[in-house]
S.K.: 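Supplied in structure tokens, the structure appears directly below.
A note on names: the letters A, B, ... follow the listed sequences, proteins ahead of strands, and every chain is numbered from 1.
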There are 2 protein chains.
Amino acid sequence: MNIDRRSGCPINLSLEVFGDRWSLIILRDIIFGGRRHFRELLNGSMEGIASNILADRLKRLMELGMLTKTGDPSHKQKAIYSLTEMAITLVPILAHLGAWGRVWLPVSDELSIRAELLEKGGPPMWEQFMNELRYEHLGTSPAPTGATVRAILQAGYEAAVARNVERVGCDPAP
Amino acid sequence: MNIDRRSGCPINLSLEVFGDRWSLIILRDIIFGGRRHFRELLNGSMEGIASNILADRLKRLMELGMLTKTGDPSHKQKAIYSLTEMAITLVPILAHLGAWGRVWLPVSDELSIRAELLEKGGPPMWEQFMNELRYEHLGTSPAPTGATVRAILQAGYEAAVARNVERVGCDPAP
DNA sequence: CAATCTGATTGCAATTTGCAATCAGTTGCA
DNA sequence: TGCAACTGATTGCAAATTGCAATCAGATTG
């Protein structure tokens with residue numbers, strides 16, 4: 001995972017930033033899952049990332065200017081990872097990527113509901129979500145009022161899981 | 001480059017399709033560079049892909065349904081690679097990716113001019129470009145009339161190269 | 001004081017990458 | 001006809017990368 005600088009093409013350079021199996025997954029979990037700590041990212045992602053890979057990618061994303069790390073005042077050992085503006089502006093790309101995947105790939109119902117909501121909300125919803133992220137991660141932007149986008153996405157996900165439980169007829173794994 | 005199916009998340013599945021160093025570069029060269037043959041892709045991309053990697057990725061992209069291969073009637077050995085609708089609908093994602101890269105990464109002038117034009121043109125231009133690609137690669141859609149998007153992008157690129165030559169004061173490499 | 005949780009690091013085997021060389025069939029040209 | 005150049009690949013192989021398992025030291029909790 002070195003930084004090649006193979007060419008100055010924007011698409012190539014973008015690929016050199018997150019053209020691997022894990023970087024964008026980590027950013028997805030921070031952005032949509034609201035995860036901020038190492039352990040949350042390690043255990044939270046359903047793809048099962050290994051701890052050394054996670055450590056390596058977090059370091060790389062910090063070097064690239066996509067993340068910053070600060071200490072957690074409540075726990076001297078905890079680190080809090082925050083998105084930079086550079087990472088927050090990936091939201092529209094992630095929304096497009098999710099929409100494309102929903103059309104062409106065998107996505108699962110529960111996991112694609114968020115992509116669907118984000119697609120239906122369109123650019124205004126993305127903008128609001130980015131402002132919420134700026135509030136949470138950069139401390140800029142006024143505090144969001146009313147229902148946050150993340151709460152809407154989370155509610156949609158939980159409703160989908162509930163529908164699925166009803167249909168399958170058993171409780172989800174704890 | 002096996003297909004994992006780590007999770008049914010749309011973003012994860014999308015990453016499993018082109019979350020590597022080369023797949024999207026190849027698609028970029030076919031889409032924006034108009035390359036259709038193995039050799040064109042091998043020598044044309046400025047990132048310098050190796051022939052075995054190219055062969056492997058072309059095969060994989062065919063298995064994933066992003067490309068099809070047909071024989072060239074004028075040359076019994078030549079293969080022509082064509083985009084599928086699945087690949088053509090990546091155009092908006094590539095446009096966003098290029099726009100993001102232009103803002104945040106050290107892109108070169110000549111190579112980012114296409115991304116800039118595509119960004120300025122917005123969704124209407126992307127739609128027109130996708131229809132041109134459908135005409136060229138799928139045989140559907142009516143033949144484009146007037147200046148094609150690819151011609152506009154190519155003209156912009158050449159003008160940028162010319163400006164650069166003037167500024168630097170020497171001829172470009174042949 | 002012991003168990004547990006924190007963000008990592010290390011060893012190591014398997015896989016992936018990509019350079020160099022090579023291949024067999026096709027075409028162009030003298 | 002003969003031969004070089006070109007076509008889309010394939011193979012060998014060394015180097016780099018990946019990721020599982022085990023482990024680490026310091027901080028917190030009970």
S.K.: Between dT10(D), dG8(D), dG7(C), which one does the side chain of Ser51(B) approach most closely?
M.R.: dT10(D)
S.K.: Of all heavy-atom pairs between Ile88(A) and Leu83(A), which one has the smallest distance, and what is that distance?
M.R.: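 So the two residues come closest at CG1-CB, 3.9 Å.
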S.K.: Would you say dG19(D) has OP1 or OP2 under 4.0 Å from some side-chain N or O of Trp22(A)?
M.R.: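 So the side-chain polar atoms of Trp22(A) do come within 4.0 Å of the phosphate oxygens OP1 or OP2 of dG19(D), strictly under.
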S.K.: Take atom CG of Leu54(B) and atom P of dT17(C), then tell me their distance rounded to the nearest Å.
M.R.: 13 Å
S.K.: dG7(C), OP1 or OP2 - any side-chain N/O from His37(A) closer than 4.0 Å?
M.R.: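 So the side-chain polar atoms of His37(A) do come within 4.0 Å of the phosphate oxygens OP1 or OP2 of dG7(C), strictly under.
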S.K.: If I take atom CZ in residue Arg60(A) and atom P in nucleotide dA16(D), what distance separates them, rounded to the nearest angstrom?
M.R.: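 One finds 17 Å between P of dA16(D) and CZ of Arg60(A), rounded.
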S.K.: Rounded to the nearest angstrom, tell me the gap between atom CD in Glu40(A) and atom C1' in dC5(C).
M.R.: 13 Å
S.K.: Taking atom C1' of dA14(C) as reference, at what distance in whole Å does atom CG of Asn52(A) sit?
M.R.: 14 Å
S.K.: Less than 4.0 Å between a side-chain N and a carboxylate O, is that true for Arg57(B) and Asp20(B)?
M.R.: yes
S.K.: Rounded to the nearest angstrom, tell me the gap between atom CG in Leu41(A) and atom P in dG7(C).
M.R.: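 Going from Leu41(A) (CG) to dG7(C) (P), I get 9 Å.
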S.K.: Return the value, rounded to whole Å, for the distance between atom CG of Asp20(A) and atom C1' of dA16(D).
M.R.: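 Rounded to the whole Å, the gap is 15 Å.
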S.K.: Between atom CZ of Arg102(A) and atom SG of Cys9(B), what is the distance when rounded to the nearest 0.5 Å?
M.R.: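 These two atoms lie 12.0 Å from each other.
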S.K.: Ile53(B) has a side chain; which of dT10(D), dT10(C), dT17(C) sits nearest to it?
M.R.: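 Looking only at side-chain atoms, Ile53(B) lies closest to dT17(C).
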S.K.: For Gly48(A) and Ser74(A), find the nucleotide of DNA chain D closest to each by heavy atoms; which residue's nucleotide sits nearer the 5' end?
M.R.: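 Final value for this comparison: Gly48(A).
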S.K.: For Arg39(B) and for Ile49(B), find the nucleotide of DNA chain C with the closest heavy atom, then tell me which residue's nucleotide is more 5'.
M.R.: Ile49(B)
S.K.: Could you tell me whether Arg150(B) and Glu132(B) make a salt bridge, using a distance below 4.0 angstrom between a side-chain N and a carboxylate O?
M.R.: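 Salt bridge: no.
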S.K.: What nucleotide, of dG19(D), dG7(C), dC19(C), holds the atom closest to the side chain of Phe38(A)?
M.R.: dG7(C)
S.K.: With heavy atoms under 4.0 Å as the rule, sort Lys69(B) into base, sugar-phosphate or nothing.
M.R.: sugar-phosphate
S.K.: Using whole Å, what does the distance between atom P of nucleotide dT16(C) and atom CZ of Arg57(B) come to?
M.R.: 10 Å
S.K.: Can you find an N or O donor on one side and an acceptor on the other, under 3.5 Å apart, linking the side chain of Gln77(A) with the base of dG26(D)?
M.R.: yes
S.K.: In whole angstroms, how far is the C1' atom of dG19(D) from the CZ atom of Arg21(A)?
M.R.: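 Going from Arg21(A) (CZ) to dG19(D) (C1'), I get 13 Å.
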S.K.: Measure from the ring center of Tyr157(B) to the ring center of Phe32(B) and say whether it is less than 6.0 Å.
M.R.: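 No, they do not, as the ring centres are separated by 6.0 Å or more.
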